[in-house]
Structures are given as C-alpha cells and as structure tokens.
Student: 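Please see the structure below; I have some questions.
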Amino acid sequence: RENSAAAWGVIGQFLAKKMDKDAIKAYRLQHTIGFQELLSAESQEWKVRVALKEGDWVLVKESIENMTPALRRKDPAWAYWYARAQKQLGDDALAKENFQALAEQFNFYGQLAREELGVPIYVPKRTHVDESLVKQASQKKGFARAERFYAMGLRFEGNREWNWELRNMTDKQLLAAAEYAKRINLYDRVVNTADRTKQEHDFHLRYPTPYRDQLSPIARQIDLNLAWAYGLIRQESRFIMNASSSVGASGLMQVMPNTAKYVAKKIGMTNYTNDKLSDTNTNLTLGSNYLNMVLIDLDGSWVLASAAYNAGPSRSKAWREKLTGPTEGAIFAETIPFNETRTYVKNVLSNANYYSSVLNGQTQSLKQRLGVITPKAATQSELP
C-alpha cells in the first residue's frame, strides 16, 4: 500500500505538470490509499493545484491539512487556499480567521485575502525619514564599497556588501538607506532595501517609478496600462538598465534579440540593430509594444499576457487550451506548470496593483485583474 500510494503520487505530479486531465484520478487514488507523508514536497503541492483546477474543495482542504507543517508554512499560498476551501465548504468563521491572518501581508495572497474579507486593498501610510538619517546612510562604508563594485560591473559582490550593511537596521534606517540608493540611481537596491521594512513603510520607494518621462508617453500612445508595465519591469530587471539574462534577454524589459527585431519591424522602427537594446528609450519602446501585442493576441487577459511575456505566447496558449471550462484567474495562475512563470505572474499582477496606488492613488481589485480564463483552441502565434 505504501508503494502504491507513493507511485500514484509520482504519476499524479507527472500528469499535473503536463496539465493532463487524468492527474486528478491519480491523486484521488493516492488520497484513498493514504500515506501522503511519502509524497515529495513538490507532489504534495501539485496535489492541491490539481484539486483546485478540478474544483474539488474537499480534496484541497484535506491535502493541505496533510501537508508537512514546514511545507505548509513555507508558502502563503497554502494558507490562502485552505481558507478558500473552508469558505467553499461553508465554514465561514474559520475561513475569515485564516483570511485575517494573511490580510496584512503585502503580497499576492495578502491582496486576495483582503478581497475575500471585503476590505479594500491598501497601501500603508507613508513614513518620511529625517534627512539626517539619509546622510548617515550615505556615510556607511559598506555602501561605499558596494558602489565601487557596481562601478566595476561586479553586481553580485556589490549586493553582498550592500546587504551586509543592512543588518540590524530599524525600519526608518532601512528607508533612509533606500532613499540614499534612489539618489544615486541604484533602483534595485531601493526596492530590495525598502522591501525589508516590517512596521513603517514607504511604497514610493518599494515601488519606484524611474524613467517615467520616457515610459509614460510610450504607454499612452499604445494605450498600455502604465501600472502593469511598471509591475513587469520591477519583476524583470529591478530597473537595472544593463541587466542581462542567461538566455540573452537584456535591458529594463529584458527583451530577447529576436523579439526586438520582430517588434521593431512591426512598428516601423527603421535601422534597428540589437546593440540599440541597451538604449533606455529603445528598450522601453520595444518591450512595451511587445507586451501590448501579446495582450491583444491573448484577448486582453493580463494573466495570460504576463505568462506569455515570461514563457512565450505559444506556451500560454497551450496552457489555456488544456482547460476544460472557465477557470478563476487566481487558480489558473496557481496551476501554471513552470515554477518561474507561476511566481512571475503572481508578482507582476500584485506589483501592478500597488503601482496603481503609487501612480494614481487608487488600487483596483486583484480578482478583476486576474479575471476568468476561458478555454480556447490553441492557435500558433506568430509572436516570438
């Protein structure tokens, strides 16, 4: 029985990551036999995701209850989906209690939990730091060493020096360090440092808007949501202009060379060569236009378009085509088979909501942004 349970768990995970409709059968067989403790951590997680996609809230609840405690605490996803299962099964009081435990977290699940409670998503009151604290930050030797490393192109070493200096800082000291980083144009350190505060916050530092004079007119011209574009850039490059990936993507919007050539041709950018991707305006123009093309190609779904920007339009369409019926956007995002893309989509859309507040003073419903994903026959996209 132990071997049988473990085997069905492996089969369930294998089928789940291929988005095969029979994954639920394998996991239900495993669940009937028991011995969930024999499943790997990844298989336990995929069991919940498969149950979510199937709409089997009893299996969602029981699978999370049977997770190892360490795994259950590791990711706020399981606290959120456990509360959702309780709500779906009629235990509103316990569901409310669990949503409240998540509601103060500034992440994807914290936002969703607040909506379940009927409480608006909010940005905390802005904490302003004294100029003397910013001056103290500017005199930190660790920050000076980090700046020298950055100047030499040694970002890993620079980050280590910067982060070492942040140890034991109070929230206000962290915000002062983030403000100092902003003044010297180290925007990735602005985000990283402001993101560490626990009680006092400044979301204008946590969600900065550099290059706004360049990005705003580009977004306006093609009617691209500026908050979403910023949410994507924050996730892609942390505003490091010379960022490059192992697969060749580069710049603020991490545009691939072949994609850049395709978009440049489509929008009539003459005399384009890939060395121009290092130019800020060119990178923002090509990346924004590609994001807009993907959005149009995927029927205006921010979830599908965000996934496509990371993993490619063909994959996003194939995942959609595997659906057996209309699927809540949050569940679709949770069941994306690529770990990187799954995290990416959640972060981009969570970022976009906070950027909406920073830019416009208004937050929107994350559930509305996620929408409902409907199945549609996959078509081969010409988009790279």
Side-chain angles (χ1 to χ4, degrees), residues 5 8-9 12-13 16 21 23-122 303 323-336 342-343 345-346 349-350 353 363-373:
W8 282 120
Q13 179 184 329
K21 59 181 176 56
I24 188 66
K25 296 179 183 178
Y27 271 125
R28 280 174 175 159
L29 281 167
Q30 178 277 317
H31 195 72
T32 300
I33 299 168
F35 301 103
Q36 175 149 313
E37 68 276 8
L38 298 180
L39 303 186
S40 69
E42 189 176 15
S43 189
Q44 291 180 54
E45 292 175 327
W46 275 107
K47 183 177 178 181
V48 177
R49 294 185 183 116
V50 167
L52 281 170
K53 185 177 284 188
E54 191 68 18
D56 187 339
W57 292 101
V58 172
L59 186 58
V60 170
K61 180 175 179 288
E62 292 179 358
S63 298
I64 295 174
E65 287 173 342
N66 292 330
M67 278 181 166
T68 60
L71 179 62
R72 190 171 171 180
R73 291 192 301 267
K74 176 184 169 186
D75 190 335
W78 311 129
Y80 173 75
W81 291 118
Y82 187 64
R84 279 289 304 277
Q86 290 174 314
K87 182 177 179 179
Q88 293 293 133
L89 296 172
D91 198 341
D92 291 337
L94 276 176
K96 183 177 180 180
E97 184 179 321
N98 284 307
F99 285 135
Q100 287 173 335
L102 280 171
E104 298 305 312
Q105 294 185 22
F106 299 115
N107 55 35
F108 182 80
Y109 297 103
Q111 291 187 40
L112 289 177
R114 291 186 72 84
E115 289 200 55
E116 291 293 339
L117 292 167
V119 179
I121 295 168
Y122 81 111
V303 173
L323 297 177
T324 57
T327 301
E328 181 184 331
I331 292 177
F332 183 89
E334 186 63 61
T335 55
I336 290 172
R342 185 167 60 251
T343 301
V345 169
K346 295 176 191 176
L349 296 182
S350 175
N353 238 11
T363 51
Q364 296 180 349
S365 164
L366 180 56
K367 284 197 169 186
Q368 284 183 356
R369 288 187 188 273
L370 291 164
V372 174
I373 313 299

Student: Do other residues, nucleotides or ligands put more than 12 heavy atoms under 6.0 Å from the CD atom of Glu37?
Tutor: yes
Student: Only counting residues at least two apart or in another chain, list the ones meeting side-chain contact (heavy atoms from CB on, under 4.5 Å) with Ser43.
Tutor: Gln13, Tyr27, Leu39, Ser40
Student: Show the nearest heavy-atom pair for residues Ile64 and Val48, with the distance to one decimal.
Tutor: CG1-CG2, 3.7 Å
Student: Please report the shortest heavy-atom distance between Val303 and Phe332, naming the atom on each side.
Tutor: CG1-CD2, 3.6 Å
Student: Is there side-chain contact between Gln86 and Glu97, with at least one heavy-atom pair below 4.5 Å?
Tutor: no
Student: For Ala79, check side-chain contact (heavy atoms from CB on, under 4.5 Å) against everything at least two apart and list the hits.
Tutor: Leu102
Student: Could you tell me whether the side chain of Val372 reaches within less than 4.5 Å of the side chain of Glu328, counting heavy atoms only?
Tutor: no
Student: Heavy-atom distance under 4.5 Å between the side chains of Met67 and Lys74, does that happen here?
Tutor: no
Student: What pair of heavy atoms forms the shortest contact from Gly34 to Ala5, and how long is it?
Tutor: O-CB, 3.2 Å
Student: Before we go on, tell me: are the rings of Phe99 and Tyr109 under 6.0 Å apart, centre to centre?
Tutor: no
Student: Look up atom CG in Leu71 and atom CD in Glu45, then write down how far apart they are to the nearest 0.5 Å.
Tutor: 5.0 Å
Student: Under the salt bridge (charged side-chain N to carboxylate O under 4.0 Å, His left out) test against Asp56, which residue among Lys61, Lys25, Arg28 passes?
Tutor: Arg28
Student: First locate atom CD of Gln30, then atom CG of Leu38, and finally report the distance between them rounded to the nearest 0.5 Å.
Tutor: 8.5 Å
Student: Please determine if Arg84 forms a cation-pi arrangement with Trp81, meaning its NZ or CZ atom is less than 6.0 Å from the six-membered ring centre and no more than 45° off the ring axis.
Tutor: no
Student: Please check if the number of heavy atoms outside Lys367 that lie under 6.0 Å from its NZ is greater than 12.
Tutor: yes
Student: Is a side-chain donor or acceptor of Arg49 paired with a backbone partner of Thr335 at a separation under 3.5 angstrom?
Tutor: no
Student: Quick one: do Arg114 and Glu104 satisfy salt bridge (Lys or Arg N to Asp or Glu O under 4.0 Å)? Show the steps, please.
Tutor: CA-CA 8 Å; Arg114 291 186 72 84; Glu104 298 305 312; 3.3 Å; yes
Student: Are Glu334 and Lys346 close enough that some pair of their side-chain heavy atoms sits under 4.5 Å apart?
Tutor: yes
Student: Does Asn66 reach the side chain of Gln44, with side-chain heavy atoms less than 4.5 Å apart?
Tutor: no
Student: Going by heavy atoms in the side chains, are Glu65 and Tyr82 under 4.5 Å from each other?
Tutor: yes
Student: If you take all heavy atoms of Pro76 and Asn107, which pair is closest and at what distance?
Tutor: CG-ND2, 4.0 Å
Student: Report the C-alpha separation of Leu370 and Phe108 in whole Å, then their side-chain angles, then the decisive distance to 0.1 Å, and conclude whether the side-chain contact (heavy atoms from CB on, under 4.5 Å) test is met.
Tutor: CA-CA 11 Å; Leu370 291 164; Phe108 182 80; 4.0 Å; yes
Student: When rounded to the nearest 0.5 angstrom, what is the spacing between CG in Leu112 and CG in Asn353?
Tutor: 9.5 Å
Student: Quick check: closest heavy atoms across Trp46 and Ala16, and the distance to 0.1 Å?
Tutor: CE3-CB, 3.8 Å
Student: Is the backbone N or O of Ile121 less than 3.5 Å from a side-chain atom of Thr363, with the two atoms forming a donor-acceptor pair by type?
Tutor: yes
Student: What is the minimum heavy-atom distance between Ser63 and Gln36, and which atoms define it?
Tutor: O-NE2, 2.9 Å
Student: Rounded to the nearest 0.5 Å, how far apart are CG of Leu117 and NZ of Lys96?
Tutor: 7.0 Å
Student: State, yes or no, whether a side-chain contact exists between Ile24 and Leu59 at a heavy-atom distance under 4.5 Å.
Tutor: yes
Student: Between OG1 of Thr324 and CD of Glu54, what distance do you get to the nearest 0.5 Å?
Tutor: 6.5 Å
Student: Would you say the side chain of Trp8 lies within less than 4.5 Å of the side chain of Thr32, judging by non-hydrogen atoms?
Tutor: no
